[in-house]
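What you see below is based on every heavy atom in this structure, not just the backbone, and it leaves out hydrogens, waters and symmetry mates.
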Amino acid sequence: MWKFFLLPTTLFICTRVANGQIDHVDNELPDRIDIGPQPEPVDNDGKIKLSGGNNPEEGRLLIYHNSQWGTICGDNFGTSDAVVACRQLGYRTSMPIVYTIGGGSDPIWLDDMGCDGTELRIANCRHPGWNIHNCNHGEDVGVRCTGEYGVNGNWGCWSTWSFCNSSCGSGTIQRTRLCDSPSPAFNGLPCTGDSNESQPCTGSFCLVNGNWGSWSVWTVCSSSCDSGHQTRSRLCNNPVPSSNGAYCNGNSFDVFNCNIARCRVNGNWGSWSVWTACSSSCDSGHQTRSRLCNNPAPSSNGAYCYGKSFEVLNCSIASCTVNGIWGSWSVWTICSSSCDSGHQTRSRLCNNPLPSSNGAYCNGKSFEVLNCSITTCTVNGNWGSWSHWTICSSSCDAGHQTRSRICNNPVPSPNGAYCNGKSFEVLNCSIAMCTVNGNWGSWSDWTVCSSSCDSGHQTRSRLCNNPVPSSSGFYCNGKSFGVLNCSIARCAVDGSWGGWSKWSDCNATCDGGVQKRTRTCNNPYPSAGGSACSGMADQILICAESDCPVLGAWSEWGVWSLCSTSCGSGNRTRNRLCDNPPPSHGGEYCNGKTLDTDTCNTHECPTDNCLCFNGGKCVTSNDGKVVCDCIGQWTGEFCLESQCMTYDCGFGNCLVEPMNGTAQCVCGNKQPTYCTGKRIRFK
């Protein structure tokens with residue numbers, strides 16, 4: 001049963017009085033009455049009583065001093081001390097029982113008692129002095145002077161809620177209570193219920209700095225010969241940065257050069273260049289294109305590309321008509337409105353060039369309109385309604401209430417005036433004077449983590465000084481010391497190689513095959529910024545070093561020779577070599593013939609025995625002979641030989657235009673550089 005006493009402060013103080021439970025006081029010392037504690041006569045100094053027990057013969061031992069009851073600390077309080085206390089209370093027992101009851105709120109008057117059992121009063125025993133102690137009320141001593149009454153436990157008050165155990169994200173708050181009002185003793189029943197309660201709490205989102213995950217395994221070397229590379233990567237996901245946390249520092253990609261053996265590379269043609277523009281914009285002309293032996297270029301004794309590096313194409317264009325093309329757009333006109341919506345226009349002419357010779361008129365619009373929005377109307381802000389007054393900030397003494405309003409009725413637009421006046425008001429509110437119970441001051445800062453990586457711990461402390469308990473206020477309930485596990489960062493772990501794999505089978509039976517073995521940097525993997533393994537992840541071993549038999553293969557046929565006669569049926573030949581590749585190391589020679597013959601110039605010979613090709617004409621020379629008068633790049637007896645190579649074009653290709661005999665050097669896709677040529681007539 002709880003009994004409430006009304007004090008002059010108008011606040012309520014509760015005292016627990018169990019059914020059939022009273023305070024026992026020696027020599028009829030006055031007890032408490034309903035109007036509150038009363039002062040005792042000075043000559044009662046040193047009187048004792050038992051309080052808070054389940055029967056008159058046991059309870060918390062209280063002693064009267066300086067006009068106030070107080071407790072005695074249980075440090076060193078033994079049977080001899082209890083015998084003296086029970087004797088002073090009027091009980092005659094040689095086997096009193098001492099226990100810790102805790103939960104007192106009065107001053108702690110005595111500590112470290114030293115009775116020898118012969119004293120008549122507790123105050124006469126040895127002790128350090130009044131109000132000299134190093135205890136708290138959790139160590140208040142209880143005494144049982146006689147009987148076999150059990151002491152049932154009862155809960156003390158709940159502590160205040162703790163701070164949220166997480167400064168960000170989700171966490172919990174807790175409060176505790178002790179079974180110390182009184183503590184169970186003499187086979188008494190323990191308290192029923194929970195000694196701990198918790199509730200969820202939410203902080204702000206945690207800032208999480210990113211940290212690198214483990215490196216991937218090195219990739220296979222990118223090339224089976226010459227130089228190559230291996231790569232590995234890692235992700236910033238251990239953890240992923242969030243809530244403005246910093247991204248991982250360092251490289252996410254690593255490259256390692258790997259050198260195997262040099263490769264033989266045969267040349268291959270690159271792509272043809274784009275055909276050049278026709279040499280004439282109308283009527284007839286020609287186009288050219290070229291290619292380079294660079295895809296790849298031959299190296300390490302590789303063969304050069306076979307075929308032409310240059311081509312010429314005749315182009316015939318009809319007489320040109322001129323289609324009209326639009327000229328440039330005019331500048332946009334000024335917007336038709338200085339605010340809100342308006343429009344702008346622009347125009348163009350079909351004059352670049354004008355259509356002619358039945359050419360088509362320009363296709364498309366000659367006029368365009370564009371919507372334009374310059375500025376919007378000005379809107380001045382106006383206050384919305386005041387919010388309700390908040391609850392008074394304090395349940396006692398002076399406090400305050402607040403209310404607020406927002407400039408959103410309407411919100412000011414750009415260049416509009418903001419609301420005039422206050423957006424926040426404060427109202428003082430006075431309740432009643434407060435009794436001051438002790439409250440914990442702020443926690444000290446957490447100490448530095450005991451470990452610089454992986455797991456450790458931090459500590460912090462606080463004092464019961466915010467405020468210090470006064471005017472019979474309660475001392476702070478809860479812990480004055482806290483311990484927190486801390487995990488700063490994962491300790492850097494340098495990578496170390498695992499064991500080598502078995503050698504692979506030789507990948508060839510001759511010509512220097514290779515075997516390979518690998519190892520992985522996983523013993524352990526590097527982590528938390530630890531260095532990667534140094535050295536190669538792969539090893540190559542040359543095997544089957546004997547040369548393989550090479551079967552001979554034909555190269556391409558060579559060009560045809562000149563015809564043995566200019567008319568009347570002649571012969572021409574071409575040949576090829578068994579060198580692509582040549583047979584070696586017991587390989588068979590090419591099957592087939594090396595020489596090919598064909599008939600040519602099968603037309604009948606003219607009576608004057610003159611036949612000219614490539615635009616040449618038969619003329620009579622000064623000595624009366626009929627010969628060919630060649631044009632352009634052609635020369636020779638029948639105008640079949642090209643004179644192009646007589647011009648020095650350096651690394652370019654020479655082209656002679658057949659119409660005017662002018663030679664030009666074409667260097668890849670570059671602009672041709674012309675050089676002066678001349679007609680050559682065979683005499």
So, [X] side chain and [Y] main chain: donor-acceptor pair closer than 3.5 Å or not?
{"X": "Trp212", "Y": "Asn249", "result": "yes"}
{"X": "Ser501", "Y": "Thr518", "result": "yes"}
{"X": "Asn485", "Y": "His457", "result": "no"}
{"X": "Asn382", "Y": "Asn409", "result": "yes"}
{"X": "Arg346", "Y": "Leu370", "result": "no"}
{"X": "Ser162", "Y": "Gln174", "result": "yes"}
{"X": "Trp158", "Y": "Glu197", "result": "no"}

Aromatic centroids of Trp215 and Tyr525 separated by under 6.0 Å: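 Ring centres of Trp215 and Tyr525 not closer than 6.0 Å.
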With no hydrogens and no angle check, do the side chains of [X] and [Y] hold a donor and an acceptor under 3.5 Å apart?
{"X": "Gln230", "Y": "Asp254", "result": "no"}
{"X": "Ser159", "Y": "Asn477", "result": "no"}
{"X": "Asp494", "Y": "Ser531", "result": "yes"}

In a table with atom names and distances, give each donor-acceptor pair under 3.5 Å that connects a side chain of residues 461-469 to protein atoms at least two apart or in another chain.
{"from": "Arg462", "atom 1": "NE", "to": "Lys479", "atom 2": "O", "distance (Å)": "2.7"}
{"from": "Arg462", "atom 1": "NH2", "to": "Lys479", "atom 2": "O", "distance (Å)": "2.8"}

